[in-house]
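A short worksheet on the structure shown next.
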Amino acid sequence: MNAIIISAVLGVIMMFSGIFLKKNSSIAALAIFGIIILLVATILEMSGYHFFAVDTHNMLFFDAFGLLFNCVAFAGTLALFLLNAKDIAAIGNNPGEYFALIFFVLCGIAIASSFNTLLMLFIGIEIISIPLYILTGSDKRNLKSNEAALKYLLLGAFSTGLMLLGIAFLYGASEKGSFFLDELAIGRAAVSPLLMAGLLLITSSLAFKVSAAPFHFWAPDVYDGAPTAITSFMATIVKGGAFIAFIRLFGDAFVELKSQWQIFIAILAAATLLIGNITAVFQQSVKRMLAYSSVAHIGFMLFALLTLNTMAREGIILYIAAYSAATIGLFAIVVKMKDYSFEGFNGLARQHPMLALAATIFLLSLAGIPLTGGFLAKYYMIASVMQTGHFLWLVILGLFCAAISIYYYFRVLQAMYFKEGQGQHLDLSPGFTVWLMVLAIIVILLGIFPQWLIDRLYIIYL
Amino acid sequence: MSLTQILFWFLSALALFSAIMVVISKNPVHSVLWLIIVFFTISGHYILLNAQFLAIVNLIVYAGAIMVLFLFVIMLMNLNAETEPQKNKWLKIAGVIGGGALLLVLVAALKDADTRNRMAQTGSGDIGLIHNLGLALFREYVIPFEISSVLFLSAMVGAVVIGKKD
Amino acid sequence: MPINYYIFLSVALFCIGVAGVLTRRNAIIVFMCIELMLNAVNLLMVAFSKMHHAALAASDPNAGINGQLFVFFIMVVAAAEVSVGLAIIAMLYRNTHSVDINFLNRLKH
Amino acid sequence: MIPVLLIVIPLLAGLISFCLKDAAAKGWTLFASFITLGVSLIAIALPDESKQLAVNVAWLTTLNSRFSLSMDGLAKILCLLTALSFPVIFIGTWNEPYKKARNFFGLMMLSQAGLIGVFLASDALLFYFFWELALIPVYFLASQWGGEKRIPATFKFFVYTFLGSLMMLVAIIFISLHTRDHSFSIASFYSKGMISAHDQTWLFWLMFVAFAVKMPIFPFHTWQPDTYEQSTPAVTMVLSAIMVKMGLYGVLRWLAPVLPIGTYLWGDTISTMCIIGMIYASLTALVQDDLKRLLAYSSIAHVGLMCLAIFATTESGLQGVMIQLFNHGIIILGLWIVVYLIEKQFHTRKISELGGLAQKAPVLTTLLVILVLANIALPLTSGFIGEFLMFNGIYASQSTTYNVVFVVTAATTVFLAAIYMLRMVQRVFYGPANALTEKAIDIRMNEKIILAFIVALIVLIGVYPEPLFHLTRGAVESVLAKMYVKP
Amino acid sequence: MSKFIYLVPLFPLIGFLINGLFRRRISKSFSGLIASAAVLASFVVSLLIFFEVKEENFQPVIATLFEFIHAGKLSIPFSFLVDPLSVLFLLIITGVGFLIHVYSTSYMQEENAPAYAKYFCYLNLFVFSMLLLVLGSNYVILYIGWEGVGFCSYLLIGYWFKNQEYSSAARKAFVMNRIGDFAFLIAIFALINQFGTASFGEIFQQAPKATTGLITMVTLLLFAGATAKSAQIPLYTWLPDAMVGPTPVSALIHAATMVTAGIYMVARSHVLYDLAPVSQTVVAITGLATAILAASIAIKQNDIKKVLAYSTVSQLGYMFLGLGVGAYTGAVFHVMTHAFFKALLFLGAGSVIHAMGGEQDIRKMGALKKYLPITHITFLLACLAIAGVPPFSGFFSKDEILAAAFVKNPLYYIIGVAGAMMTAFYMFRLYATTFLGKFRGTADQEHHLHESPAPITFPLIVLAILAVLGGFLGIPEIFAKNSHLLGHFLQPVFAGHENKVTESPVSVSTEWMLMGLSAGLAIIIVIFAWMRFSRKPELGEPAGFGKWLANKWYVDELYQAVIVKPLNAFADFLNRVVEKNVIDGMVNGAGRLVQYGSRQIRYLQSGQVGGYVLLMVLGIVILFVVQLFLRK
């Protein structure tokens with residue numbers, strides 16, 4: 001509860017900050033300060049300090065899983081702010097509002113990670129989505145940004161419609177006429193057609209939110225069109241939030257019916273892996289490549305949804321953390337680049353060796369090379385599927401896709417280190433490089449001592 | 001056939017017809033007007049189901065506020081039948097087939113649902129009354145109610161950020 | 001009324017909405033069709049609410065009320081969405097003097 | 001403690017090297033590599049059971065994986081090879097100028113750390129970690145320094161091996177899920193009866209492909225000639241002297257004892273593949289014009305024999321393989337140094353453009369001829385001991401009914417190797433000198449010393465191989481005890 | 001003394017190391033001295049050991065130096081076997097070897113110092129390897145020497161490496177030997193696998209227990225190894241080509257010692273051959289065929305060394321005939337006498353070539369009798385010995401083989417005698433064309449003709465004495481009881497096999513008759529050839545069948561067309577087509593497929609909202625359809 005209320009309040013504060021603070025940098029500093037407060041408050045909540053005693057009427061349910069994810073999401077946002085706060089403030093004329101919207105999104109994420117009824121899921125998802133439509137279009141002069149915003153809006157609203165129809169079906173199928181997760185499927189030995197239809201529709205809609213194929217089409221376009229710093233936020237934290245909602249929904253409501261829906265998740269995962277990876281191969285712009293890469297990673301994350309075992313829960317947190325850290329880091333570099341095609345990266349290692357080193361670590365992590373968080377994350381996903389004893393074909397497909405992913409990640413590496421070129425000169429503050437290195441070290445630490453993160457799932461004072 | 005039934009069929013037929021007209025009207029303004037009719041028929045359904053509060057809110061919020069907003073924007077942009085660009089014929093057919101296919105699979109999936117024999121209570125049942133709804137809203141549903149304020153706030157901020165001229 | 005009638009009516013309305021989204025090029029009309037879809041859902045939700053009420057009123061006099069409240073929230077959210085959506089459409093119109101979604105193809109492949 | 005030192009010394013040395021000046025890095029890494037060599041010599045002197053040679057601390061607790069390292073004869077001999085190769089490579093290519101030398105030498109040391117880690121790990125997940133880690137520095141080395149087409153060639157190499165390793169990862173996960181304590185420790189992997197024969201049949205391939213790509217054996221070999229050709233000599237040496245051994249090591253340590261039934265059932269198939277590969281590579285080597293490609297194909301043929309000998313499942317064969325792992329590394333190292341010296345002087349590796357070097361560079365010629373002899377396994381060179389035992393082992397194999405066929409077809413490489421190696425010697429070193437080689441000079445002191453050292457080692461082992469037998473005897477027995485031998 | 005057996009190979013090894021490591025620092029005379037002294041020292045030690053072995057109650061000694069290979073149950077010691085057979089070979093190798101070393105000090109004088117040292121270094125290494133070969137107490141050590149001599153032969157044939165043709169010949173020799181080694185190796189594996197050991201003693205002891213099939217296979221494989229080393233059909237073509245090496249090398253390696261390694265090996269394994277009659281027949285027939293074929297080719301050769309080379313091949317054929325018919329002593333006897341006279345012939349030829357300034361074509365020689373008296377006499381004696389004219393050494397040894405062949409199969413004898421007649425013919429064709437008649441070289445050459453210096457003539461004389469008298473070591477028993485000294489000496493080795501030398505295999509009268517027939521025919525042919533070629537040397541190009549012979553039955557061409565060219569073409573095909581297009585093509589194709597897929601799939605990403613919605617709807621429809629199917 002700490003996170004929801006504080007993030008909402010922080011949103012309001014940021015909204016007014018534009019009036020009192022004239023300089024972008026001070027607004028950015030305030031935002032960083034705010035996110036630190038939010039992060040600390042969430043950590044404290046995990047440690048048993050609840051600032052607000054609110055009776056949620058069982059609408060929200062806070063557990064270690066959701067709270068830990070919140071920590072990851074807020075920490076990711078902190079990293080984003082540390083690296084790109086000034087770039088966010090510089091998108092347009094309303095720096096305070098941009099941060100306010102981001103805090104509102106975080107509020108939505110906090111809800112989406114702790115909902116206990118479909119109503120809160122719906123509200124949470126909408127609180128995430130509506131500010132994002134605006135953030136996507138916040139670069140108002142840029143036609144690409146406009147276009148992305150409208151596409152996102154239309155498709156997002158459409159998927160909301162799908163979700164609502166699904167919710168309605170689930171409601172109708174519920175014996176108790178309830179939206180509570182634990183009551184949705186109760187008393188159903190066999191799956192009724194209504195329940196199944198509802199499940200499929202809500203799956204499609206959430207698949208849209210996390211951009212799983214074939215509901216992913218918005219993602220590359222929107223990520224490409226949105227201001228890069230916002231893309232970074234959307235592709236990592238928001239996506240993670242939507243995914244956690246997905247996991248919560250299936251884990252809490254339908255886990256007994258696993259055998260009924262696993263095949264659909266497997267199909268989605270397979271399609272996502274294939275389309276995400278294969279399409280990424282041909283991209284010419286790093287930004288767009290990263291958009292497809294984010295789709296591809298969802299394919300792996302869906303493994304966790306498929307299995308929903310202990311390993312999956314542990315792994316998905318690690319996956320989101322590792323993936324977000326690496327992607328935020330890469331986008332932070334892309335934000336600073338004038339030319340973010342692959343050629344733009346030529347010779348970057350000569351011009352900015354530390355930047356290139358950090359980028360290398362991020363890319364290796366995304367590619368799933370050991371000693372980085374990305375490897376263990378993938379490991380958890382694969383192992384969780386193998387634990388079930390089925391879906392080996394999916395694992396093998398995943399392997400091939402991971403090998404394909406090497407192609408596009410290493411293109412960046414090759415450009416940075418091995419291709420001829422002077423390299424763009426970027427204006428970087430020393431702080432930027434330092435924070436980037438810190439992020440890179442975190443990625444590596446996640447790969448060596450994942451238990452530092454995962455053990456938090458089991459050490460909790462609620 | 002009772003009055004309820006007659007009304008149900010009438011409203012349903014009108015709703016479907018109007019909905020189709022929304023989609024096929026060339027003039028955007030006509031579409032808006034047809035949509036308002038759909039909303040009215042749905043409000044009618046609500047009344048049949050004794051959900052009076054929602055019926056009124058639907059009229060006020062949807063048919064009133066939202067559709068007026070639509071109309072306003074359309075007028076503002078001076079869109080009319082002539083400016084309405086036409087989609088490629090094949091794409092249209094594909095769209096219709098897509099919608100039809102969805103309808104088909106949904107019906108196929110639901111036709112033998114186990115709710116087939118259950119009834120929706122019409123006329124009676126007072127959960128749809130404003131008194132009961134209000135009590136529930138401010139007791140059990142106070143959290144979502146409050147939280148949706150965040151949604152409004154963000155929508156407001158958003159509309160300002162987007163709408164404001166630089 | 002049998003609940004199936006409501007189900008099929010709503011699904012039909014929903015699918016008409018979907019067909020509208022698929023066939024129209026005017027962003028505003030597309031958006032309206034989405035509103036149509038939402039309304040179809042609302043109707044279904046209310047019908048289910050009354051169905052549950054009929055079944056469970058004996059044990060819980062407020063049974064089914066959650067469905068109607070959900071519809072209330074849907075309307076709220078839809079309103080917010082429309083306000084943002086129209087703002088975005090207006091912004092786009094300001095920049096391109098068009099609301100044709102077929103021209104939205106700077107971003108592709 | 002010693003295993004940790006063996007990994008940490010090169011690792012730290014590599015990291016420090018990145019911070020040094022280009023000029024200083026070379027000397028520093030040479031110094032560090034000598035220290036590693038010293039430590040590995042100490043390790044070899046200790047008995048297998050020594051507590052100093054084992055490390056086992058908690059690591060990935062959530063996954064039940066431990067940071068455990070251990071050294072038996074097999075690990076020792078490969079560590080020795082790795083520790084020995086790096087000083088030899090550094091001295092042999094001492095005069096090569098590198099752009100950004102500090103990065104080069106730093107990465108070299110990192111790759112050494114990874115390679116030693118592979119040979120020491122006794123936890124499957126840790127093994128996989130090092131397996132990949134050894135690859136990354138080499139990828140950078142091969143992509144950054146080398147020939148024109150190095151980037152695509154190295155990339156092919158990387159993707160190829162990466163895909164293979166991923167398959168191995170799946171197999172590792174599967175096996176660990178089936179161990180009784182769900183752990184990755186090698187002891188659990190070795191316990192019998194946990195994986196059904198049916199599962200072993202497909203798991204075998206998942207693992208084998210990873211190792212086969214690394215070795216490489218036909219038909220997974222096409223990355224190798226390209227990569228060798230394009231890489232800078234020092235990197236080629238690492239690839240061919242040590243990395244190739246990773247695949248064979250993997251089979252010996254993580255495949256054959258872990259999936260004995262799978263190994264037995266697929267033995268004939270793999271053996272056939274190996275033999276086709278040996279003959280194929282030997283024939284292809286006949287018509288190569290590029291020295292590096294020639295050696296690459298020669299290496300494929302030799303590795304095929306080693307793999308074949310493993311699947312023969314005999315004491316003699318395994319003993320031969322373990323000896324040959326070391327010997328082949330040393331021999332091929334010497335050959336690469338010669339190729340490097342030739343390329344450095346004449347800026348070409350084309351056999352057709354060279355000739356008559358024996359007149360101008362008699363010392364080089366002599367040393368090379370001995371290396372070639374060792375490569376074609378002439379008696380009293382180290383190459384003979386290994387090949388003799390391997391062929392003998394294949395002949396004695398009980399695990400196949402085609403042992404005689406295998407040994408007869410495989411042994412054709414005895415003369416095929418002579419044909420292509422001597423053809424090379426003749427074209428490059430004999431005959432009249434041409435315009436290019438007219439002004440050739442003989443090799444420098446450091447090169448002379450290092451080649452002489454290699455040659456001396458080759459002859460020494462060839463005449464008195466007992467120390468190597470002594471080192472690996474225990475490992476042979478323990479591997480054989482875990483493999484499936486038809487009753 | 002036999003405790004010090006390791007000294008025998010040690011001295012040449014030291015010589016090799018000194019000459020090899022310090023070849024740039026030492027003078028020519030010193031390196032020659034070192035090399036010759038090393039071999040002489042070995043000879044002396046061998047002689048001392050010989051006297052010990054000669055004793056009546058001598059038991060074979062196995063001197064183990066160290067454990068060579070010890071892997072599991074397999075144990076192969078590095079150990080030497082001292083018995084009459086090995087000691088006899090020791091004497092031949094070190095004795096003839098020493099003479100040739102001495103000869104070489106003068107013959108190679110034109111080389112510069114490092115090359116000179118290199119030559120002796122190789123030569124010493126060869127002697128070392130050869131000694132290992134004959135001393136090894138098991139097949140592995142034998143194999144080490146076997147490969148070692150092959151390699152030295154490679155080095156020495158290609159000694160003048162600047163000439164590509166020479167190094168090609170060297171390579172050919174090595175590769176052909178390796179083909180034989182391949183068979184030899186497999187035989188060793190079969191033996192180890194069957195008997196668990198590679199030691200002669202244990203194998204021969206257990207051999208009777210093994211199946212005939214296995215023994216036959218092993219012996220055939222061993223013989224296949226021998227055909228390469230000892231230049232028998234089908235692997236003989238390297239030996240004539242090997243004549244491009246320095247002439248002393250031809251004398252030592254390609255006549256006296258290395259090429260007889262095959263005979264040594266088969267003789268050593270005689271226990272096995274006795275158990276495999278099929279193999280014996282194969283050995284005999286191969287030997288006989290080679291003897292005839294090579295002799296027929298020798299008739300039409302004009303290169304002095306080529307004639308001798310084919311003659312060597314032919315004589316080796318006789319030795320195998322002997323082995324094949326069970327006359328092991330006879331074969332070894334012939335090895336010895338052949339070593340004497342063939343070394344002498346080669347050295348004489350070397351002297352001639354030396355005098356002729358490098359000319360090897362006999363058509364350009366003639367009348368050298370007066371210029372090179374010592375060479376001429378010794379050469380003549382050697383020719384008489386090889387032609388089988390009594391009482392020169394060749395007569396006795398060849399006769400012993402032919403007599404044994406007659407017992408086995410009279411057809412062998414007839415063909416053998418025909419071959420012997422050809423031998424007499426081509427040898428005297430050679431002799432007459434070279435030394436008699438008129439000088440046919442240039443005036444310049446004639447001006448330079450001179451007798452060679454003492455280091456060259458000394459070995460000639462010593463060898464001539466041996467060639468003349470060597471036969472008396474093996475006088476047939478019909479002349480006098482216990483006159484076959486060699487037979488007695490070797491008896492412990494070949495004891496137990498049915499064809500005992502001491503008991504004459506055929507009746508006395510038959511043996512007299514056979515002896516007389518072959519001796520008479522030989523003398524007739526000698527006289528005929530002498531007459532024919534001293535008057536009218538054959539100078540024109542051969543025609544008809546002669547051309548066929550002059551071109552060596554076109555065997556080289558056949559090998560080229562049937563084996564070498566197809567192999568190269570196939571390798572080229574593998575390299576250009578299979579490797580590039582099929583295997584690498586598949587790998588690259590997978591990559592290209594992904595790229596192609598990428599280019600195609602991205603068209604789904606049309607940028608059109610309507611398209612996206614349509615695809616989403618289709619996705620839902622598909623999910624529903626799947627669900628409907630699953631429910632059924």
Side-chain angles (χ1 to χ4, degrees), chain C residues 4 6-41 44-45 48 74 78 81-82 84-109, chain E residues 563-632:
Chain C
N4 265 12
Y6 285 101
I7 292 177
F8 292 129
L9 173 62
S10 299
V11 166
L13 283 174
F14 190 88
C15 288
I16 292 169
V18 171
V21 172
L22 287 169
T23 47
R24 298 302 292 257
R25 291 173 61 173
N26 186 327
I28 298 172
I29 309 285
V30 170
F31 207 39
M32 276 161 53
C33 289
I34 292 170
E35 294 305 316
L36 178 59
M37 287 158 61
L38 295 187
N39 266 278
V41 175
L44 185 60
M45 203 78 97
F48 277 136
I74 294 176
E81 208 166 60
V82 166
V84 170
L86 286 176
I88 289 172
I89 293 173
M91 173 181 73
L92 191 76
Y93 186 80
R94 234 176 13 225
N95 284 339
T96 64
H97 299 285
S98 160
V99 288
D100 186 350
I101 57 171
N102 272 26
F103 292 152
L104 296 178
N105 56 3
R106 279 176 204 85
L107 300 165
K108 63 179 173 188
H109 301 324
Chain E
I563 297 168
V564 180
K565 275 198 186 139
L567 192 70
N568 275 328
F570 183 56
D572 201 45
F573 168 77
L574 287 183
N575 185 43
R576 280 189 299 117
V577 181
V578 178
E579 180 79 352
K580 286 236 167 59
N581 297 339
V582 179
I583 299 176
D584 210 20
M586 255 156 37
V587 177
N588 292 338
R592 249 177 254 132
L593 186 72
V594 170
Q595 292 198 349
Y596 175 81
S598 180
R599 240 171 296 153
Q600 297 306 311
I601 286 183
R602 84 202 155 100
Y603 288 118
L604 286 179
Q605 196 76 31
S606 57
Q608 301 286 354
V609 176
Y612 296 169
V613 177
L614 188 61
L615 287 167
M616 280 167 67
V617 169
L618 282 181
I620 296 169
V621 169
I622 288 168
L623 287 183
F624 270 90
V625 170
V626 170
Q627 181 253 337
L628 283 175
F629 273 110
L630 283 184
R631 217 168 52 181
K632 292 272 153 60

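Naming convention: chains lettered A, B, ... in sequence-line order (proteins, then strands); numbering from 1 in each chain.
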Item to check | Inter-residue atom distance C/Ile101.CD1 - E/Gln608.CD, 0.5 Å rounding | outcome: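 Reported value, rounded in 0.5 Å steps: 7.5 Å.
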Next on the checklist: Is E/Val617 in contact with chain C via its backbone, its side chain, both, or neither, using a 4.5 Å heavy-atom distance?
Outcome noted: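 Interface part for E/Val617: side chain.
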Item to check | Structural part of C/Leu104 lying under 4.5 Å from a heavy atom of chain E | outcome: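 Both backbone and side chain of C/Leu104 come within 4.5 Å of chain E.
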Checklist entry - Can you name the nearest heavy-atom pair linking E/Gln605 to C/Lys108, along with the distance? => result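 Scanning both residues, the minimum pair turns out to be O-CB, 3.5 Å.
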